[in-house]
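Below is one structure; the comments refer to it alone.
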Amino acid sequence: MLLEALGSALLGLGLAWTATVRLPGRLPARALVLPTGIAGALFGAFLTHTALGSGHALATLAGAVVVGVAFLSLLLRPSTRVRRSAPA
């Protein structure tokens with residue numbers, strides 16, 4: 001369990017770091033993005049471990065990645081200004 005948590009935290013940190021490098025203009029400050037990635041991955045690992053039980057380390061890490069990406073996607077801003085047409 002401890003190794004799953006440590007691995008999930010490292011995966012979340014890696015996801016968040018990659019997101020800040022690839023999408024710098026669409027994310028808020030790095031000080032917010034990095035902890036969000038870690039927290040999302042830890043929460044995903046907790047959910048997956050609770051649902052599947054022990055002995056499913058790879059599935060737990062996969063759940064951590066999925067939920068970590070979902071948490072990080074909540075921080076994304078639109079790349080361009082949204083244009084709205086006038087109602088007809």
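For the numbers below, each heavy atom of this structure counts, side chains included, while hydrogens, waters and symmetry mates do not.
- The number of heavy atoms from other shown groups lying within 6.0 Å of CG (L74) is above 12.
- Counting only residues at least two apart or in different chains, side-chain hydrogen bond (donor to acceptor under 3.5 Å, both in side chains) contacts with residues 48-61 comprise E4-H49.
- Between G40 and V67, the shortest heavy-atom distance links the atoms O-CG1, 3.4 Å.
- Scanning all heavy atoms of the two residues, the minimum distance from A41 to A64 falls at O-CB, 3.3 Å.
- Clustering ILVMFWY residues whenever any of their side-chain heavy atoms sit less than 4.5 angstrom apart, transitively, puts L75 in the very cluster that holds V69.
- Between L42 atom CG and F71 atom CZ the span is 10.0 Å, to the nearest 0.5 Å.
- Distance check: I38 CD1 to L11 CG gives 11.0 Å after rounding to the nearest 0.5 Å.
- The CG atom of L72 sits 9.5 Å away from atom OG1 of T18, with the distance rounded to the nearest 0.5 Å.
- A distance of 11.0 Å separates CG in L10 from CG in L15, rounded to the nearest 0.5 Å.
- Other residues sharing the hydrophobic cluster of L58, ordered by chain and number and joined by side-chain separations under 4.5 Å: none, the residue standing alone.
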Show me the donor-acceptor pairs, under 3.5 Å and distance only, between side chains in residues 21-37 and residues at least two apart or in other chains.
residue: R26; atom: NE; partner: R77; partner atom: O; Å: 2.8
residue: R26; atom: NH2; partner: R77; partner atom: O; Å: 3.2
residue: T36; atom: OG1; partner: L32; partner atom: O; Å: 2.7

